[in-house]
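Encoded as structure tokens, the structure appears first; notes follow it.
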2 protein chains.
Amino acid sequence: MPSTARTFPLRALISNTRSSRASTSSFTWDDVVRVSQPDHVPHDSSDLSGFFEKIEVCNRGSERQSEFIRFIIEDQIVGYIHNGFVDRLRTFKDVFVFPRSNSDGGRFQSYVTLHEILKTPEDRTRVVGEVIKCLGEEELIPGIRNELYPVVSSFGSPVYFSLERAAAPFFGIKAYGVHMNGFVEKDGEKFLWIGKRSEVKPTFPGMLDHLVAGGLPYGISCGENVMKECEEEAGIPQSISHKAVPIGAVSYADIEGYRYKRDVLFCYDLKLPDSFLPNNQDGEVESFKLIPVKNVANIIRRTHFFKPNCSLVIIDFLFRHGYISPECFGYLDLLQSLRSGDCS
Amino acid sequence: MPSTARTFPLRALISNTRSSRASTSSFTWDDVVRVSQPDHVPHDSSDLSGFFEKIEVCNRGSERQSEFIRFIIEDQIVGYIHNGFVDRLRTFKDVFVFPRSNSDGGRFQSYVTLHEILKTPEDRTRVVGEVIKCLGEEELIPGIRNELYPVVSSFGSPVYFSLERAAAPFFGIKAYGVHMNGFVEKDGEKFLWIGKRSEVKPTFPGMLDHLVAGGLPYGISCGENVMKECEEEAGIPQSISHKAVPIGAVSYADIEGYRYKRDVLFCYDLKLPDSFLPNNQDGEVESFKLIPVKNVANIIRRTHFFKPNCSLVIIDFLFRHGYISPECFGYLDLLQSLRSGDCS
């Protein structure tokens, strides 16, 4: 290995993490520890540009919003679908219809809605599911997970139907998730438990991750989901996980190809006992490491080692725990950018 | 006192706190303690409507934005001035000028700017100061405080000049402040130190307040200001106050008459020792009381006892410390409403 690669794993620093399919971001815990050291790069602790860059990675393509048309159900916008993908949906005439909009006199804009015969959530879920299966077989929607997400206009409002998780960004529906920062406090210093994703995971293999995170499927509350994921991902018993504290939410909107990812992540903090050691149960995490929060901030700021959306949740943690100060130029802009997507 | 008034101090519940000059909101600590009890009103702990109402109190008059015109300096919007107030400024021809805007072809909208002979911040501060003094004597701008606020387009960007604090809302400039939640943790339960403002304070007399809060004058950083206010308002020595943690910001935009208040509050948490007793130094606080956070939430939700902008900072505290759960209907809307104003 040439010496430049040893001092800084450049491949992972460049934009190969921009696609969830990228698998070239190979780095080791040794690399992580080295770049996290305060003196690895001098004098950057008040420079927020590395954080802003990570926000941008989660919010690409805003200039391409006009390529998407609204997906409306019962007069509510529930998503946005790319023109190119809409063309593919036109063949399913009994499922999707494309009325002209009245809002601009019906001149240009159209929108997508479901056929009026699909009146109940159950009917919609079943029939749209058949379309997704069909498009999945054509590999137009890759990575079918057989996990259903609720389709809503805002969190807690009526569920119009449920949609396969892998299809959510193709319909631009909002997807909700939970992310938990597991931390330990020793002698007044805070540490975060960081996971390294399995190299065989289909998405973001080998990258750094939260101790616990997961999508919010249909029919389970945020709090219940955190406890379930605590058990599966880190072996945290309910006697500890019930102390996880909901502390807010972050959001982002990311356009890539036909995909419009509109995610809202409910954030949790869990203070863990010093003696606790996480233990992955589902094979999705290779290993865990406890890292001082200050050093985690350096990893976020200096590398692309983290799965991109984890950066937002960790930057939110850095704000709430006082690791970013109002004296840093760009403080308020960075704070606001944590909810760049429709957070509703 | 009739029995209804004993069970609930109605006067303070109605909108008499909407004006900072109101002095009719008389209540005692006994009233505060009574309404704060969990069982004072049954089953409202997951109902966020009382919180939404307090957000609205800080964000009145948005439908009247069109009555204000932009105040522009060096091509940057720094404020908004009411048409009626603009008419009064027209008499100061050597200070204010009113060009037509080019953005809509110069048809309707104009804006206010400073005369081109006022090139330096010092000149602008001096000359605008003379206008303010004049308007103050006419009682068009009441409550002159002889305290200067920086005029900026966003926090940390160049200061175009400095403006008397009492005049800030008449020019619609953004005003920055610091608010600190001082809390204590005993046996796993958190308590907030709450102040009751002096009855002789010109603004919000007798109302509840944070342990420490203050505007951010020209030339002092947020962190320094928190320590200064800690000393003055609560007698907190620097050996403790340097541990105050910056945790984010809230904002609001409030239109009342000619005033357009655009405030951004930097929020701090300070965990205090159990044994600490606050001691006001500047005569602005009548007394302090340590109240369980859950009960403080009830005071916010059920009454208008708090100085309105304190509600935002305390609701932010409730979010960050897990007192509001994603399972409550309206969680994300309430979270977002904490930054209803331009938070930059």
Side-chain angles (χ1 to χ4, degrees), chain A residues 46 48 152 154-158 174 176-178 185 188 190 216 220-226 242-251 264-271 315-339 341-344, chain B residues 46 48 152 154-158 174 176-178 185 188 190 216 220-226 242-251 264-271 315-339 341-344:
Chain A
S46 70
L48 305 183
V152 295
S154 63
F155 190 73
S157 65
K174 270 184 284 183
Y176 300 89
V178 293
E185 200 161 359
K190 285 176 187 150
L216 192 66
I220 182 169
S221 77
C222 289
E224 288 168 335
N225 201 33
V226 165
H242 83 276
K243 293 177 184 162
V245 175
I247 52 71
V250 300
S251 64
V264 176
L265 308 179
F266 292 94
C267 306
Y268 286 74
D269 278 359
L270 177 58
K271 190 173 180 179
I315 294 171
D316 179 76
F317 184 93
L318 297 175
F319 269 108
R320 290 182 295 99
H321 292 260
Y323 290 86
I324 302 177
S325 107
E327 283 76 24
C328 297
F329 183 73
Y331 182 84
L332 292 173
D333 284 345
L334 185 65
L335 182 65
Q336 298 228 85
S337 72
L338 295 176
R339 295 196 211 121
D342 173 0
C343 194
S344 69
Chain B
S46 70
L48 304 183
V152 294
S154 63
F155 190 72
S157 65
K174 270 183 285 185
Y176 300 89
V178 293
E185 199 160 0
K190 286 177 186 149
L216 192 65
I220 183 169
S221 76
C222 289
E224 289 168 337
N225 200 34
V226 166
H242 83 276
K243 293 178 185 160
V245 174
I247 51 71
V250 300
S251 64
V264 176
L265 308 178
F266 292 94
C267 307
Y268 286 74
D269 278 1
L270 176 59
K271 189 172 179 179
I315 294 171
D316 178 75
F317 183 93
L318 297 176
F319 269 107
R320 290 181 297 99
H321 291 261
Y323 290 86
I324 302 177
S325 109
E327 283 75 26
C328 297
F329 184 72
Y331 181 86
L332 292 173
D333 284 345
L334 185 65
L335 182 66
Q336 299 228 82
S337 72
L338 295 175
R339 296 197 210 120
D342 173 0
C343 193
S344 70

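Just so it is clear: chains get the letters A, B, ... in the order the sequence lines come, proteins before strands, and each one is counted from 1.
- Interface summary for chain A: among B:Val245, B:Asp333, B:Val178, the most heavy-atom pairs under 4.5 angstrom belong to B:Val245.
- At a 4.5 Å heavy-atom cutoff, A:Phe317 makes no contact with chain B through either its backbone or its side chain.
- Interface check for chain B: of the options A:Cys267, A:Gly322, A:Gly330, the most heavy-atom pairs under 4.5 Å are formed by A:Gly322.
- Only the side chain of B:Glu327 comes within less than 4.5 Å of a heavy atom in chain A; its backbone stays farther off.
- More than 12 heavy atoms of other residues, nucleotides or ligands lie within 6.0 Å of NZ in B:Lys190, so this atom counts as buried by the packing criterion.
- Put simply, of B:Gly248, B:Ser157, B:Gly156, the one with the most heavy-atom pairs under 4.5 Å next to chain A is B:Gly248.
- For A:Tyr323, no part lies under 4.5 angstrom from a heavy atom of chain B.
- With a 4.5 Å cut-off on non-hydrogen atoms, B:Ile324 touches chain A through its backbone but not through its side chain.
- Considering every non-hydrogen atom in both B:Phe155 and A:Pro326, the closest pair reads CE2-O, 3.6 Å.
- Of all heavy-atom pairs spanning B:Leu332 and A:Ala249, the tightest one is CD2-CB, 3.6 Å.
- B:Tyr331 and A:Ile247 get closest at one heavy-atom pair: OH-C, 4.0 Å.
- Proximity of B:Arg320 to A:Asp269: side-chain heavy atoms (C-beta onward) are nowhere separated by under 4.5 Å.
- In this structure, OH on B:Tyr268 lies 6.5 Å from OG on A:Ser325, to the nearest 0.5 angstrom.
- Put simply, OG on B:Ser251 and CG on A:Leu335 are 9.5 Å apart, with the number rounded to the nearest 0.5 Å.
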